[in-house]
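Bear in mind the structure is a predicted one, so any value in this text is a computation, not a measurement.
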Amino acid sequence: MKLADVEHTKIVYERIKKLGEFDLDYTSLHEEFKGLVELAAHIAGTEISLINLLDQHSQWSVSRHNLDVFQMDLEYSICQYTIQSDHIMEIPHLGHDERFSDRPFVKADDGFRYYLGIPLKVKTGEKIGALCVMGQEAKTVSEEKKKLLRLVANEIVEKLESKLKMDELQDTLDKSTVQRNQLAHDVRGPVGGILGLAVSTENAPLEEDESRQYMGMIKGAASKLMDLTDDILERQKARQQENHLTLSSLKEHLEDLYALPARNKEIDLDVVFNAAMGNLEFSRKKLLPIVGNLIANSIKFTPSQGTVHVNLDIADKEGVRVLMIEVRDNGKGIPKERLDNLNKLAWFDDLGTNYEKGYGLGLQLVMEMVESIQGTLTIDSEEGKGTSVRIVIPLKE
């Protein structure tokens with residue numbers, strides 16, 4: 001392998017690994033960043049602006065202004081070139097650039113002519129995506145406007161990194177959260193007893209008004225404590241819902257993300273789950289990038305009219321409740337040499353069944369993420385017949 005290929009492989013791997021660490025739900029980011037993409041279009045004077053995040057197979061337009069697009073195969077992306085440097089990439093006329101002149105969205109009479117992209121570079125150095133603006137008229141923008149657009153891009157990165165910090169902080173607070181909830185439950189019992197006693201005493205015949213007033217104060221104080229404990233529990237419940245999934249909601253997320261790529265390739269994507277366990281909550285940590293990478297791989301390496309089957313279940317295994325995920329396809333399969341070296345970071349010139357380009361890094365990334373949450377992964381594959389990947393993840397009680 002050439003040194004340049006080694007370096008490129010490492011850069012790509014670190015980028016998609018970092019994006020996986022952000023553990024983002026691409027379907028939920030549009031409203032959060034809507035104001036920033038509108039501001040970018042206003043500054044540049046263009047019709048379109050997008051926040052694009054790039055994984056190994058796709059470009060995800062997680063927030064959009066005036067363009068109804070969510071997912072695009074990476075090989076058709078313009079932003080894949082933007083993230084190859086730290087600088088703004090401006091193309092005054094896309095039709096004059098041989099890399100893009102034959103693209104349908106450029107050749108059309110109402111196609112795009114102008115593009116400007118700014119890499120979204122995080123503090124650790126990886127460029128996980130780009131802020132881009134596009135228009136139907138050839139043009140350039142001033143250096144002053146480019147500076148303003150760079151500020152918008154920096155704000156996007158800061159918001160993304162703030163989300164990551166909040167998630168990391170939440171992980172460190174898990175134990176204290178359990179203790180706080182236990183405290184709230186422990187306090188609620190005796191406080192409820194005090195409140196009941198105060199009500200009973202208040203309704204009993206008393207000789208002195210002072211005693212009645214005293215018992216009224218006890219009731220008021222106890223009621224406030226009850227409200228406080230209820231608030232503690234309700235706020236934590238809402239937070240848990242944000243960071244948790246069920247089998248049912250995981251199915252919906254996966255279909256929202258991958259139904260269209262599968263349909264575009266005429267592949268039957270079938271996601272099923274154990275309905276008896278459908279409403280049991282579990283942590284969403286890293287699940288979307290893990291399962292998403294597997295589905296994207298299956299779609300890439302399965303021919304048209306093929307099938308990708310995803311099975312989601314929760315069961316007890318050796319006394320431990322576990323989440324079980326299987327992604328199975330009838331695609332081209334993985335060569336034995338590749339299977340024997342999946343734990344090694346290496347360059348593979350992988351082409352999908354429709355000649356989609358790739359780097360062969362998806363399974364290495366998935367293996368690393370699964371291990372980070374104490375899960376296990378097994379792969380069965382046969383060339384020409386397909387691949388089955390099974391993941392087992394222990395669930396915290």
Side-chain angles (χ1 to χ4, degrees), residues 15-16 19 22-83 88-91 94 100 103-122 127-137 139 141 145-146 148-164 252-264 288-289 292 296:
R15 170 172 62 80
I16 59 178
L19 184 59
F22 276 85
D23 199 13
L24 298 167
D25 177 3
Y26 299 150
T27 63
S28 68
L29 297 178
H30 174 63
E31 289 299 325
E32 184 174 351
F33 290 92
K34 182 179 178 181
L36 290 173
V37 290
E38 290 178 354
L39 177 60
H42 177 74
I43 292 172
T46 59
E47 299 91 340
I48 307 297
S49 61
L50 305 164
I51 297 174
N52 294 324
L53 301 179
L54 282 65
D55 63 19
Q56 65 159 340
H57 293 311
S58 298
Q59 171 180 287
W60 300 95
S61 298
V62 297
S63 194
R64 310 157 293 279
H65 178 63
N66 280 341
L67 187 64
D68 185 19
V69 62
F70 179 51
Q71 182 270 348
M72 172 188 291
D73 289 347
L74 188 61
E75 61 187 292
Y76 300 116
S77 161
I78 302 176
C79 289
Q80 64 171 312
Y81 296 93
T82 299
I83 64 172
I88 291 176
M89 186 172 89
E90 184 179 34
I91 304 174
L94 287 164
F100 315 114
R103 302 287 169 86
F105 57 82
V106 175
K107 292 172 63 177
D109 292 339
D110 58 350
F112 298 112
R113 301 293 177 267
Y114 178 72
Y115 170 92
L116 182 146
I118 305 170
L120 299 177
K121 183 178 180 180
V122 299
K127 294 178 280 290
I128 61 173
L131 167 67
C132 77
V133 295
M134 303 178 71
Q136 294 180 325
E137 298 294 332
K139 59 183 290 184
V141 300
K145 289 185 177 181
K146 290 177 182 177
L148 293 174
L149 289 169
R150 174 73 76 177
L151 290 176
V152 175
N154 290 342
E155 180 65 20
I156 292 167
V157 172
E158 287 184 11
K159 286 175 71 70
L160 288 171
E161 294 196 315
S162 293
K163 290 173 70 69
L164 178 59
E252 291 178 6
H253 275 74
L254 296 175
E255 290 177 336
D256 286 344
L257 291 169
Y258 297 102
L260 183 58
R263 189 180 308 120
N264 287 342
L288 293 179

Visitor: Is any side-chain heavy atom of Phe112 closer than 4.5 Å to a side-chain heavy atom of Ile78?
Guide: no
Visitor: Give the minimum heavy-atom separation between Gly129 and Ile83, together with the two atoms involved.
Guide: O-CG2, 3.2 Å
Visitor: Calculate, to the nearest 0.5 Å, the distance between atoms OG1 and NE2 belonging to Thr27 and His253 respectively.
Guide: 4.0 Å
Visitor: Any side-chain heavy atom of Val62 within less than 4.5 Å of one from Phe33?
Guide: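 A side-chain contact under 4.5 Å is absent here.
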Visitor: Would you indicate whether the side-chain heavy atoms of Leu116 and Glu90 approach each other to under 4.5 Å?
Guide: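 When only atoms from C-beta onward are counted, Leu116 and Glu90 do touch, with a gap below 4.5 Å.
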Visitor: Could you pull out all residues at least two apart from Ser28 that satisfy side chain to side chain donor-acceptor pair (under 3.5 Å)?
Guide: none
Visitor: Show the numbers, then the answer: is there a side-chain contact (heavy atoms from CB on, under 4.5 Å) between Arg64 and Leu50?
Guide: CA-CA 5 Å; Arg64 310 157 293 279; Leu50 305 164; 3.8 Å; yes
Visitor: Decide yes or no on side-chain contact (heavy atoms from CB on, under 4.5 Å) for Ser77 and Leu54, but give the supporting numbers first.
Guide: CA-CA 9 Å; Ser77 161; Leu54 282 65; 4.2 Å; yes
Visitor: When rounded to the nearest 0.5 angstrom, what distance separates NZ in Lys145 from CD1 in Ile43?
Guide: 9.0 Å
Visitor: Using a 3.5 Å distance criterion without hydrogens, assess whether the side chain of Arg113 forms a donor-acceptor pair with backbone atoms of Val106.
Guide: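 Pair found, side chain donor or acceptor close to backbone of Val106.
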Visitor: Can you measure from OH (Tyr26) to CD (Gln71) and round to the nearest 0.5 angstrom?
Guide: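 If we round to the nearest 0.5 Å, Tyr26:OH and Gln71:CD are 11.0 Å apart.
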Visitor: For Asn52 and Cys132, which heavy atoms make the closest approach, and how far apart are they?
Guide: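 Nearest heavy atoms, Asn52 then Cys132: ND2-SG, 3.6 Å.
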Visitor: How about CD on Glu137, more than 12 heavy atoms from neighbouring residues, nucleotides or ligands closer than 6.0 Å, or not?
Guide: no
Visitor: Roughly how far, to the nearest 0.5 Å, is CZ of Arg103 from CG of Leu94?
Guide: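 Here the rounded value is 9.5 Å.
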Visitor: Are any side-chain N or O atoms of Ser58 and backbone N or O atoms of Trp60, one a donor and one an acceptor, separated by less than 3.5 Å?
Guide: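 No; judged by distance alone, with no hydrogens or angles, the pair does not exist.
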Visitor: With a 4.5 Å limit on heavy-atom distance, are the side chains of Ile51 and Leu29 in contact?
Guide: no
Visitor: Do you know the tightest heavy-atom contact between Leu74 and Gln56?
Guide: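 What the structure gives for the nearest pair is CD2-O, 3.6 Å.
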Visitor: Does Gln59 use its side chain to pair, donor to acceptor, with the backbone of Gln80 at less than 3.5 Å?
Guide: no
Visitor: Shortest non-hydrogen contact from Lys127 to Pro119?
Guide: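 Lys127 and Pro119 have their closest heavy atoms at CD-CB, 3.7 Å.
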Visitor: Testing the basics here: between Val157 and Val122, what is the closest heavy-atom pair and its distance to 0.1 Å?
Guide: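 Closest pair (atom of Val157, atom of Val122, distance): CG1-CA, 4.0 Å.
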Visitor: Within the structure provided, determine whether Leu131 and Val152 are in side-chain contact (heavy-atom separation under 4.5 Å).
Guide: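 Yes. Closest side-chain heavy atoms under 4.5 Å.
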Visitor: Should we say atom NZ of Lys139 is surrounded by more than 12 heavy atoms from elsewhere, each under 6.0 Å from it?
Guide: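 Buried by this count: over 12 neighbours within 6.0 Å.
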Visitor: How long is the gap from CG on Leu53 to CD1 on Ile16, to the nearest 0.5 Å?
Guide: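 Between atom CG of Leu53 and atom CD1 of Ile16 there are 13.5 Å.
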Visitor: Less than 6.0 angstrom separating the ring centers of Tyr115 and Tyr81, yes or no?
Guide: no
Visitor: Working to the nearest 0.5 Å, report the span between CD1 of Ile118 and OG1 of Thr82.
Guide: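 Between atom CD1 of Ile118 and atom OG1 of Thr82 there are 9.5 Å.
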Visitor: For a quick test of reading the model, state the closest non-hydrogen atom pair linking Asp256 to Phe70 and the distance between them.
Guide: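 The pair with the smallest heavy-atom distance is O-CE2, 4.1 Å.
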Visitor: Determine yes or no for a side-chain-to-main-chain donor-acceptor pair under 3.5 angstrom, with Gln136 supplying the side chain and Asp110 the backbone.
Guide: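 Answer holds: yes.
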Visitor: Can you find a heavy atom in the side chain of Val141 that is under 4.5 Å from one in the side chain of Lys146?
Guide: yes
Visitor: Given side chains that start at C-beta, do those of Leu39 and Glu155 come closer than 4.5 Å, heavy atoms only?
Guide: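 Counting from C-beta outward, Leu39 and Glu155 never come under 4.5 Å.
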